[in-house]
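All remarks here apply to the structure that follows.
Sequential numbering from 1 along the given sequence is applied to the chain's residues. Values reported hereafter were calculated over all heavy atoms of this structure, with side chains retained and with hydrogens, waters and symmetry mates removed.
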Amino acid sequence: MIYEKNGALVHFFNSEIIKIEPWGKNGLRVRCSPEGRISDKMRALLEIESPKAQISVGEGFGEIVNGKTRCCVDKNGKLSFYNQHGKLLLEEALRLQPLKRPARAFKPHLKGKYELTMSFESNPSEKIFGMGQYQQEFLNLKGCTLEMAHRNSQASVPFFVSSLGYGFLWNIPAVGEANFSKNITQFKAEQTDELDYLVIAGDTPAEIVEEYMEATGRPPHMPELAMGFWQSKLRYRDQEELLSVARRYKEIGVPLSVIVCDFFHWPCQGDFRFDYDYWPEPEKMVQDLKEMGTELMVSVWPTIEFGSENYKEMLEKGYLIRNDRGPSNHTEFVHPAVFYDTTNPDARKFVWDTVKKNYYDKGIRLFWLDEAEPEFMLYDYDNHRYFEGNCAEVGNIYPSRYAQGFYEGLKSVGEKEIITLVRCAWAGSQRYGALVWSGDIMPTYEALRCQIRAGLNMAMAGIPWWTTDIGGFDSGDPEDPVCRELTVRWFEYATFCPVLRLHGYQMPYIPAPEDAKGGGQCYTGGGNEIWSYGDEAYEIFKRLIFLRERIKPYIKRAMDKAHKVGTPPMRPLFYDFDKDARAWEIEDEFIFGDALLVAPISYQGATEREVYLPEGCEWICVRDGSKINGGTTLRVSAKLDEIPLYVRADKDIDFKMFQY
């Protein structure tokens, strides 16, 4: 039975209901339940204004058109999507005789939820971009199988843009899998009560991404202080050590926008306050830093130790994630701890109220939300129970709710330009001011190449604010020439990322003193400041930081555009040059802002690389001002203190501003 109801097209058969409705200017949202009813859950989506769809129903056939997207449903419930030109974009893979394989397979669990497998026909020539952050050297995800689950350095953000001219959101926060194989495109959810996805047709990748951002939310205005240089390491052990680093930057005349107070500055995980034995005057520290032109960011973890002053109350009120089987002990850093439940709105308010009293009221406006996956000792997803449901059903929404709690808390006290550093994300996280970084990656050139792809796929998944630990996080040795070269090349790349941030757990490792108490019980690493990597690197870092300062107006325009329409400041070449087939193949270059093409050096010892300049305009070489026609492939040199940069000649941009 196919019919129209309340502006939606509905297919109903044997208790299975499919509802297709307009979402935004060109989107169609599809929901399906085997139980004959559709929930009102929004998940990643926002209520947005949508035009009245054109709906027609015939014998065994239905059609709904919203802007550039048309969906047809046949008598068997198979859905097919077309653009305004009649081009087939996506169709469900319904295989009747002799396979008897449904496109939508709901497998019931004993507890009333379902395991869901959703199958679409595959176009072997299709290219897929987005889906979040995975540690692999693939920008085009066609042929990839992706775990839709969060881990340290992995963020599942289930939106992609297809080279065929559509965007697709898997609007289900369940743990699962996406498979973009040659013969089938398939999504799986371990537990869910219904199917929910969004299809958006568009003439360009930019149009698709911008409409998706309208549907899930655009980022706030980025504060200007976030556009400069951020200094961080694991970890400054006390107030004087942190201040001494800031003072040295001031003495050498290098602008320092943000300095980070990392984990275990607290007496106990879950106290959400400074350990005054090591940080005796936080208000004065904040004020001293402000006078130097530097803002303090503090790390907040969602871990609650059993000995925390807040543990008992949070346990009694149900603010903690619990296990369905066995004791609730989720992680261990110095001492065992459990994670607080960000899906519980009362728990979010409790944490924010505590943070406000102990940090915000002392002048701190920037927060680093670490462990945001969260990082369980064992990723035994179906054993963890959240306020909103079992982790296997809703777990991927955890980092979004984590950012939401701080965004709403900061907004409630009058803050407008809100940014929080978060180690994970899901669809919609961007609307809460989430700046995602790529986790505890290794200090290798392979990792650098992975980050280049990961950052671009995060951009295509709707996460415009993104950064990395420059040089990699764990076990880098600043005395090692290879590490020094890698960190220089990484710093060059990061200068043209949305945020420029130096962080890491570098050698030599320094254990905690045997008699340490409270936060002092945690280890730390060696130096990770710009002067830690030798004189040559030091001079290069300084020039890059001053370059970053000089181009702040350019960065601000890019961030304003992200806020107003959703354009990611860092994006693949095809985003701006979609008519150039070669631009869809390039995976290690990107556009930053309106006009700059960046081609990082990402191989050890390399002093040259191939650069492709897309068709559609002339390009100006930043190094010497020469003009090159678009559609050209060059072999260019790049000494250690150089990164290939090119500016679009058709933009009113002075290429000299990018010289350093």
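- Taking the six-membered ring for Trp, Tyr379 and Tyr381 have ring centres closer than 6.0 Å.
- Not a single donor-acceptor pair under 3.5 Å links the side chain of Arg237 to the backbone N or O of Gly519.
- Between Ser156 and Asn396, the shortest heavy-atom contact is OG-ND2, 4.2 Å.
- The backbone N or O of Thr495 sits less than 3.5 Å from a side-chain atom of Arg548, completing a donor-acceptor pair.
- At a cut-off of 3.5 Å, with distance as the only test, no side-chain donor of Ser308 or Gln269 sits close to an acceptor on the other residue.
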Q | Trace of the salt bridge (charged side-chain N to carboxylate O under 4.0 Å, His left out) decision for Lys349 with Asp353 | A | CA-CA 6 Å; Lys349 186 177 186 306; Asp353 287 345; 2.8 Å; yes
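- Note: Ser299 OG to Leu234 CG = 9.5 Å, rounded to the nearest 0.5 Å.
- For the pair Asp469 (side chain) and His503 (backbone), a donor-acceptor distance under 3.5 Å is absent.
- The line from NE2 of His221 to CD1 of Ile418 is 12.0 Å long, rounded to the nearest 0.5 Å.
- Between Phe473 and Tyr505, the ring-plane angle classifies as tilted under the 30° and 60° cut-offs.
- A tilted orientation is assigned to the rings of Trp266 and Phe264, their planes being inclined by 30° to 60°.
- Side-chain contact annotation: Thr467 with Trp230, donor-acceptor N/O pair under 3.5 Å absent.
- A heavy-atom distance below 4.5 Å is not found between the side chains of Arg571 and Pro464.
- Atom NZ of Lys362 is surrounded by more than 12 heavy atoms from other residues, nucleotides or ligands within 6.0 Å.
- Inspection of the Gln231 and Tyr236 side chains reveals an N or O donor paired with an N or O acceptor under 3.5 Å.
- Side chain of Thr343 to main chain of Tyr386: no donor-acceptor pair is present (N/O by atom type, distance under 3.5 Å, no hydrogens or angles).
- Aromatic ring orientation, Phe168 versus Phe160: parallel (interplanar angle below 30°, classes split at 30° and 60°).
- Asn457 places a side-chain N or O within 3.5 Å of a backbone atom of Gly130 that can act as its donor or acceptor partner.
- To the nearest 0.5 Å, the span separating CD on Gln404 from CZ on Arg401 amounts to 5.0 Å.
- Remark: of the listed residues Phe350, Tyr340, Phe387, Phe350 is the sole one forming a ring pair (Phe, Tyr, Trp, His ring centres under 6.0 Å) with Tyr319.
- Using a cut-off of 4.0 Å between Lys/Arg side-chain N and Asp/Glu carboxylate O, Arg247 and Glu240 are scored as salt-bridged.
- Atom CD of Glu281 and atom CZ of Phe274 lie 12.0 Å apart (nearest 0.5 Å).
- Classification of Asp382 and Arg325 as a salt-bridged pair holds, one side-chain N sitting under 4.0 Å from a carboxylate O.
- Under a 3.5 Å cut-off, the side chain of His563 and the backbone N or O of Arg218 do not form any donor-acceptor pair.
- Closest approach of Ser328 to Arg322, counting heavy atoms only: OG-CA, 3.5 Å.
- Within 6.0 Å of atom NZ in Lys552, more than 12 heavy atoms from other residues, nucleotides or ligands are found, so the atom counts as buried in its surroundings.
- Phe306 and Tyr311 have perpendicular rings, their planes meeting at more than 60° on a 0 to 90° scale where under 30° would count as parallel.
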Q: For Arg151 and Glu375, run salt bridge (charged side-chain N to carboxylate O under 4.0 Å, His left out): C-alpha distance rounded to whole Å, both residues' side-chain angles, the deciding distance at 0.1 Å, then the answer.
A: CA-CA 6 Å; Arg151 297 174 183 263; Glu375 187 180 14; over 6 Å; no
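- Under the 4.5 Å side-chain criterion, counting only non-hydrogen atoms from C-beta, Phe129 is not in contact with Pro205.
- Using a distance-only test at 3.5 Å, with no hydrogens or angles considered, no donor-acceptor pair links the side chain of Thr567 to the main chain of Lys561.
- Looking only at side-chain heavy atoms (C-beta outward), Leu225 and Glu417 stay at 4.5 Å or farther from each other.
- Between the Asp196 side chain and the Ile172 main chain, no donor and acceptor come within less than 3.5 Å of each other.
- With contacts defined as side-chain heavy-atom distances shorter than 4.5 Å, the pair Leu500/Phe491 qualifies.
- The side chain to side chain contact (heavy atoms under 4.5 Å, CB included) test with Arg273 singles out one residue from Pro282, Pro267, Cys268, and that residue is Pro267.
- With a 4.5 Å cut-off on side-chain heavy atoms, Phe333 and Trp301 count as touching.
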Q | Residues Lys25, Glu210; criterion salt bridge (charged side-chain N to carboxylate O under 4.0 Å, His left out); working and verdict | A | CA-CA 11 Å; Lys25 292 183 296 184; Glu210 288 170 10; over 6 Å; no
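- The side-chain heavy atoms of Pro374 and His330, taken from C-beta on, include no pair separated by under 4.5 Å.
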Q) Going through the distances and angles, do Leu242 and Leu289 end up as a side-chain contact (heavy atoms from CB on, under 4.5 Å)? A) CA-CA 10 Å; Leu242 184 145; Leu289 290 169; 3.9 Å; yes
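- To the nearest 0.5 angstrom, Tyr360 atom OH is 6.5 Å from Trp352 atom CH2.
- Ion pairing between Lys233 and Asp262 fails under the 4.0 Å rule for side-chain N and carboxylate O.
- Two residues are said to be in side-chain contact when any heavy atoms from C-beta on lie closer than 4.5 Å; Trp426 and Ile463 fail this criterion.
- At least one donor-acceptor pair closer than 3.5 Å links the side chain of Gln430 to the backbone N or O of Gly217.
- Shown here is Glu49, whose CD atom has no more than 12 heavy atoms of other residues, nucleotides or ligands within 6.0 Å.
- Here Arg423 pairs with Asp440 in a salt bridge; the nearest charged N to carboxylate O distance falls below 4.0 Å.
- To the nearest 0.5 Å, atoms CG (Leu198) and CH2 (Trp23) are separated by 8.5 Å.
- Side-chain N/O atoms of Thr303 and Glu371 include no donor and acceptor closer than 3.5 Å.
- When every heavy atom of Gly518 is checked against every heavy atom of Asp275, the shortest pair comes out as CA-OD2, 3.5 Å.
- Looking at every heavy atom in both residues, Ala155 comes nearest to Met458 through CB-CE, 4.4 Å.
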Q. Which is it for Phe339 and Phe376 under the ring-ring contact (aromatic ring centres under 6.0 Å, His included) test, yes or no, and what are the steps along the way?
A. CA-CA 9 Å; Phe339 288 104; Phe376 293 107; 5.4 Å; yes
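- Scanning all heavy atoms of the two residues, the minimum distance from Met148 to Glu177 falls at CE-O, 3.4 Å.
- A cation-pi arrangement, defined by a distance under 6.0 Å to the six-membered ring centre and an angle within 45 degrees of its axis, is absent between Arg501 and Phe229.
- Under the 3.5 Å distance criterion, with hydrogens and angles disregarded, a donor-acceptor pair is assigned to the side chains of Gln451 and Ser438.
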Q | ring-ring contact (aromatic ring centres under 6.0 Å, His included) between Tyr398 and His384, intermediate numbers included | A | CA-CA 12 Å; Tyr398 187 96; His384 304 305; over 10 Å; no
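- Distance alone, capped at 3.5 Å, is enough to place a donor-acceptor pair between the Gln133 side chain and the Ser153 backbone.
- Within the 4.5 Å cutoff, the side chain of Leu256 has no heavy atoms near those of the Met292 side chain.
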